[in-house]
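Beneath this line is the structure, given in structure tokens, with notes to follow.
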Amino acid sequence: MKKKLSSLDLQKMKTQGEKAAWITSYDYWTANFAEQAGIDMILVGDSLGMCIYGYEGTIPVTMDQCIYHSEAVRRGASKTFIVGDMPFLSYQVSVEDAVRNAGRFHKEAGVDAIKLEGGKRVCPQIKAITDGGMLVMGHIGLTPQSSGQQGGFKAQGRTAETATQLIEDAKAIQEAGAFSLLVEAVPPEVCKIIKDTLKIPVYSIGAGVDADGQLMICSDVLGIFQAFTPKFVKKYENLGEKTIKAFTEYVNDTKNKRFPEDKHTYKMVEGELEKLK
Ligand code: KIV
């Protein structure tokens, strides 16, 4: 029987050099399949804006949408460590907002931790949420909520100057009390320096194999998300194509009366049909 990991287990995995494998999920079924596959952690990412709602980015995503999807994920994966992703404007305006919204994730969706984007500038929020008794994961590198400032969905930390800035942000995030850090779209060498510098686990999405674990977006892993494919994505399946094929066959079967077959229909109770005539 699977045992739900705690932040202490995740810390121990770093110390022992055991990699954590985690994935995003936004619904009951993928969460349940991920749990059955032995995933270590699930992120209910605000990437749900693009993967579920078809927005162009994550900016329109609301707290209510994140809570709603986190509840479903919790029902699907009751024995998995779940991280709720704080959407745009749920923590940037004030520390009070940040604590209240982090608390909503815990009270209404039963998550184990929350994640928020940014470096030094969000450290007051990380400290306040941690002081409120909750676990915070930091997120630096490519941060989709501020992709406008970053010039789009672009790799970060590719020069010594910007890499140094990331390393300083990582240290500040640990100092503020975060229990772990996610590094996105950063050269592997820079992520390794961050991972070797910090005591807390440092995870990668597009930041190389040396991190303490890897995160992938479930719609990318399954080959469902079709708008674009970042360089760091490995598609393990092509469910998009398989789904179109299945739907096409259904449409053709229906139009050509190959569906439903006799085995898909209900029989009348013997003798009852005659009474209708
Ligand atoms: O929302 C999300 O899924 C994320 C990943 C892109 C890291 O934050």
Side-chain angles (χ1 to χ4, degrees), residues 20-27 30-31 34 39-63 65-70 72-73 77 80-92 101-102 105 109 111-119 122 125-126 135-148 150 152-157 166 169-170 173 178 180-186 191 194 201-208 211-222 224-225 227-235:
W22 53 303
I23 197 160
T24 66
S25 168
Y26 320 106
D27 63 273
T30 52
I39 212 87
D40 292 306
M41 212 177 350
I42 289 176
L43 171 70
V44 187
D46 63 352
S47 48
L48 65 86
M50 299 154 91
C51 298
I52 301 289
Y53 290 94
Y55 302 146
E56 279 184 13
T58 57
I59 299 299
V61 175
T62 65
M63 261 314 284
Q65 286 171 324
C66 289
I67 297 275
Y68 175 75
H69 288 274
S70 300
V73 169
T80 302
F81 190 96
I82 294 176
V83 181
D85 204 10
M86 301 276 279
F88 184 60
L89 283 197
S90 68
Y91 59 96
Q92 287 92 342
N101 286 319
F105 261 119
V111 303
D112 299 288
I114 59 91
K115 171 173 90 55
L116 50 77
E117 297 180 7
V122 294
Q125 283 88 332
I126 294 176
L135 292 167
V136 181
M137 177 184 288
H139 177 173
I140 58 171
L142 197 177
T143 46
Q145 289 173 22
S146 42
S147 58
Q150 294 182 332
F153 293 99
K154 289 214 163 84
Q156 302 293 309
L166 285 177
D169 277 337
I173 286 167
S180 64
L181 175 65
L182 177 66
V183 179
E184 178 168 357
V186 163
C191 184
I194 294 172
V202 174
Y203 302 115
S204 148
I205 176 164
D212 295 307
Q214 299 295 327
L215 167 68
M216 285 286 282
I217 306 280
C218 74
S219 318
D220 287 334
V221 170
L222 297 175
I224 294 171
F225 186 71
F228 61 89
T229 307
K231 180 183 168 74
F232 55 75
V233 164
K234 179 171 175 183
K235 289 189 183 180

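Start at 1 with the first residue, then count along the sequence. Order of appearance sets the numbers: ligands from 1, and atoms from 1 within every ligand. Every heavy atom of this structure was used, including side-chain atoms; hydrogens, water molecules and symmetry mates were not.
Of the protein's non-hydrogen atoms, Ser47 OG, 2.5 Å is the one closest to atom 3 (O) of ligand 1. In this structure, atom 7 (C) of ligand 1 lies nearest to the protein heavy atom Leu182 CD2, 3.4 Å. Nearest non-hydrogen protein atom to atom 6 (C) of ligand 1 is Glu184 OE1, 3.6 Å. The protein non-hydrogen atom at the shortest distance from atom 8 (O) of ligand 1 is Lys115 NZ, 2.9 Å.
In Asp85, the part holding a heavy atom less than 4.0 Å from any atom of ligand 1 is the side chain. The proximity of Leu215 to ligand 1, defined as any non-hydrogen pair under 4.0 Å, is limited to the side chain. With a heavy-atom cut-off of 4.0 Å, Leu43 touches ligand 1 through its side chain alone.
Those atoms of ligand 1 with a heavy atom of Gly45 less than 4.0 angstrom away are 1 (O), 2 (C), 3 (O). Against a heavy-atom cut-off of under 4.0 Å, Thr24 is close to the following atoms of ligand 1: 3 (O). Set against the non-hydrogen atoms of His139, the atoms of ligand 1 under 4.0 Å away are 7 (C), 8 (O).
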Working for side-chain hydrogen bond (donor to acceptor under 3.5 Å, both in side chains), residues Thr143 and Gln150: CA-CA 8 Å; Thr143 46; Gln150 294 182 332; 3.1 Å; yes
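Scanning both residues, Tyr203 and Ser180, for their nearest heavy atoms gives CE1-CB, 3.8 Å. Nearest heavy-atom pair across Ile217 and Thr24 is CA-OG1, 3.4 Å. Contact between Pro201 and Asp212 at its shortest, heavy atoms only, is CA-OD2, 3.4 Å.
Legend: residues meeting side chain to side chain donor-acceptor pair (under 3.5 Å) with Tyr68, ordered by chain and number and at least two apart, are absent.
Note on ring orientation: taking the six-membered ring where Trp is involved, the planes of Phe228 and Phe225 are perpendicular (angle over 60°, cut-offs 30° and 60°).
Among the candidates Asp46, Val61, Leu48, the single residue satisfying the side-chain contact (heavy atoms from CB on, under 4.5 Å) test with His69 is Leu48.
Proximity of Phe105 to Met63: side-chain heavy atoms (C-beta onward) are separated by under 4.5 Å at one or more points.
Between Glu117 and ligand 1, no N or O atom pair is found at a separation short of 3.5 Å.
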